[in-house]
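For reference, the structure discussed in these notes is given below.
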Amino acid sequence: MKILGTGSALPKKVVTNDDLAQVMDTSDEWIKSRTGIEKRHIAVEETTTSMAVEAAKKAIEAAKISVLDIDLIICATVSSDYIFPTLACEVQAAVGAKRATAFDIGAGCSGFLFALATADAYFRTGRFHKALIMGAETLSKMMDWGDRSTCVLFGDGAGAAVVSAEENQLLSMVQGSDGESGMALKCDNRPVNNLYRQLGAQTYSYTEMNGSEVYKFAVRTVPTAISEALEQAKVPADDVKLYLLHQANRRIIEAVAKRLGQSLDKFPMNLQECGNISAASVPILLDKVCKDGMLQAGDKVVLAGFGAGLTWGACVLEW
Ligand code: COA
C-alpha cells in the first residue's frame, strides 16, 4: 500500500494550561513538566463528524484522486457523534464516496495504526483498491472535568490519509492487545435502558485512567513493538528518518527514544499544541510532517500508537 495524501482538522478554540488553572486546581508548571502539554484544541462548534469530514476532504484533495475511486472508508474513533450510523458512513455521505464500504473501528489511541493494518488486509483480498482511513475524536465531551489528573491531558481533532493498494510502502506491521489490563483506561457507555431489566439508579462515569499503569504499559510495550516492526522490515533503528508516535506524553516519547538509542530530534511532536487526541494524534502529526516537507522519497518512517484496550501498533513505511 501507499499513502497518497493526508489531511487534518482542529477545532478553533484553544485552551491553554493557564486557562485550565482558572477553572480547576492545576497549573501550567504541573501539566508542562509532567506531560509537555501546553495547550489543546477543544470542540465548541465542531463535532467529531465535522472535523472528520474536513480532514477527509483535505486528504482526498492532496491525493489528487476522484472521490468515486474510494472503495473503502475506515474511521478509528472512540467518540463518534452517534452509536449508529457510524462515523465512516457519515463521512462517506458528506464527501460523496458512493462506491465505498464504510465502517468504524475502536482501538483507542492505536486506532489509526489498526485502520492502516485493516486497509492493508482488505487490499490483500484484491477486492479493494483505494481507502480513506481516519482517526477522529472529540474527547472533551467524554472527560470528567472534575478529575484534574486526566482531563488536562486530552484534546480534540481529526486526521486522515488516502491509501492505495498500488506499490508497497508498508514494510511491516505489528499489533497487539492486552484486554486483561483494559480497565486501566476506560469510559462507560450510556446507562442501560431496558424495559425487562430494571437496574434502578445506575452509576455512570466518564473517562477514568490509572495514569501510572498506562505510563508503565507505554514505556514497556512501545519500544518492543517498534523493535519488532524494525526487525520484520529489516530496517536498523538508525536508518529511520522519523518516528511518529502517538502524542500522549513527552516523557513517554523520551523514554521510547532512549530505549531505542535514538536522538529525540527524530521524534517530532505536536502534543505541546494539541494534547492527546487519541486515534487522531498519529494522522494529524503525519499530516504536519508531510506539510512541513520533512519526508522525501525513500525515507523510512515509523508510526506507533498505544492506548485504551489496552492496545498497541507499530509499522515501518518507506516513503
Ligand atoms: N494539576 C496539579 N496536580 C495534579 C494534577 C494536575 N492536573 N493531576 C494530578 N495532580 C496531583 C495528584 O493529585 C498527586 O498529588 P498527591 O501526591 O498530593 O496525591 C500529584 O499531582 C502527583 O500525581 P502523580 O499521579 O504521581 O503524577 P505523575 O508524575 O505520575 O503524572 C500523569 C501523572 C497522568 C501525567 C502520568 O501518570 C502519565 O502521564 N501517565 C500516562 C497517561 C497517558 O498518557 N495516558 C494516555 C495514554 S493513551
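Indexing begins at 1, ligand by ligand and atom by atom, following the structure's order.
Contacts of Asn276 with ligand 1, taken as heavy-atom pairs under 4.0 Å, involve the side chain alone. Here Met209 has side-chain heavy atoms under 4.0 Å from ligand 1, and that is the only part of it that gets that close.
For Glu46 (side chain) and Val44 (main-chain N/O), a donor-acceptor pair under 3.5 Å exists by modelled atom type.
Atoms of ligand 1 found under 4.0 Å from any heavy atom of Arg251 (numbered from 1 in listed order, with element): 29 (O), 31 (O). Residue Gly307 has at least one heavy-atom neighbour below 4.0 Å for each of these atoms of ligand 1: 48 (S). Taking every non-hydrogen atom of Phe306 and a distance limit under 4.0 Å, the qualifying atoms of ligand 1 come out as 48 (S). Close contacts of ligand 1 with Ser149, meaning ligand atoms under 4.0 Å from a residue heavy atom, involve 8 (N), 9 (C), 34 (C).
Ligand 1 has no nitrogen or oxygen under 3.5 angstrom from a nitrogen or oxygen of Tyr215. Distances between N or O atoms of Trp30 and those of ligand 1 include at least one value under 3.5 Å.
Taking a cutoff of 4.0 Å between a charged side-chain nitrogen and a carboxylate oxygen, Glu254 and Lys258 do not qualify as a salt bridge. With respect to Glu61 and Lys57, no salt bridge is recorded, no charged nitrogen being found less than 4.0 Å from a carboxylate O.
With 3.5 Å as the limit, one finds a donor-acceptor pair spanning the side chains of Ser164 and Glu166. Inspection of the His129 and Asp69 side chains reveals no N or O donor paired with an N or O acceptor under 3.5 Å. With 3.5 Å as the limit, one finds a donor-acceptor pair spanning the side chains of Asp147 and Ser149. When only modelled atom types and interatomic distance are considered, Ser140 and Asp156 share a side-chain donor-acceptor pair under 3.5 Å. Checked by atom type, the side-chain pair Asp238/Gln262 shows a donor-acceptor distance below 3.5 Å. For the residue pair Thr138 and Thr48, a side-chain donor N or O sits within less than 3.5 Å of a side-chain acceptor on the partner. Side-chain polar atoms of Thr49 and Glu90 form no donor-acceptor pair below 3.5 angstrom.
Looking at Arg148, Arg34, Gln247 and measuring to atom 15 (O) of ligand 1, the nearest heavy atom belongs to Arg148. Looking at Asn210, Thr26, Asn249, Leu271 and measuring to atom 6 (C) of ligand 1, the nearest heavy atom belongs to Thr26.
Less than 4.0 angstrom separates atom 3 (N) of ligand 1 from at least one non-hydrogen atom of the protein. Atom 19 (O) of ligand 1 lies below 4.0 Å from none of the non-hydrogen atoms of the protein. Contact annotation for atom 32 (C) of ligand 1: protein absent (non-hydrogen atoms, distance under 4.0 Å). Closer than 4.0 Å to atom 24 (P) of ligand 1 lies none of the heavy atoms of the protein. The presence of a protein heavy atom under 4.0 Å from atom 10 (N) of ligand 1 is confirmed.
Closest to atom 47 (C) of ligand 1, if we only count protein heavy atoms, is Val214 CG1, 3.5 Å. Among all non-hydrogen protein atoms, the one lying nearest atom 35 (C) of ligand 1 is Thr35 CG2, 3.8 Å. Nearest non-hydrogen protein atom to atom 48 (S) of ligand 1 is Cys109 SG, 3.3 Å. When only non-hydrogen protein atoms are considered, atom 44 (O) of ligand 1 lies nearest to Ala248 CB, 3.4 Å. Nearest to atom 41 (C) of ligand 1 among the protein's heavy atoms is Gly211 O, 3.4 Å.
Residues Trp30 and Met209 share a hydrophobic cluster, clusters being chains of Ile/Leu/Val/Met/Phe/Trp/Tyr side chains in contact below 4.5 Å.
Under a 4.0 angstrom heavy-atom cut-off, His246 registers as being in contact with ligand 1.
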Audit row: Tyr215, Phe306, ring pair (Phe, Tyr, Trp, His ring centres under 6.0 Å) steps and yes/no: CA-CA 10 Å; Tyr215 188 89; Phe306 53 93; 9.8 Å; no
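Expressed to the nearest 0.5 Å, how far CG of Leu10 lies from CD1 of Ile284 amounts to 5.0 Å.
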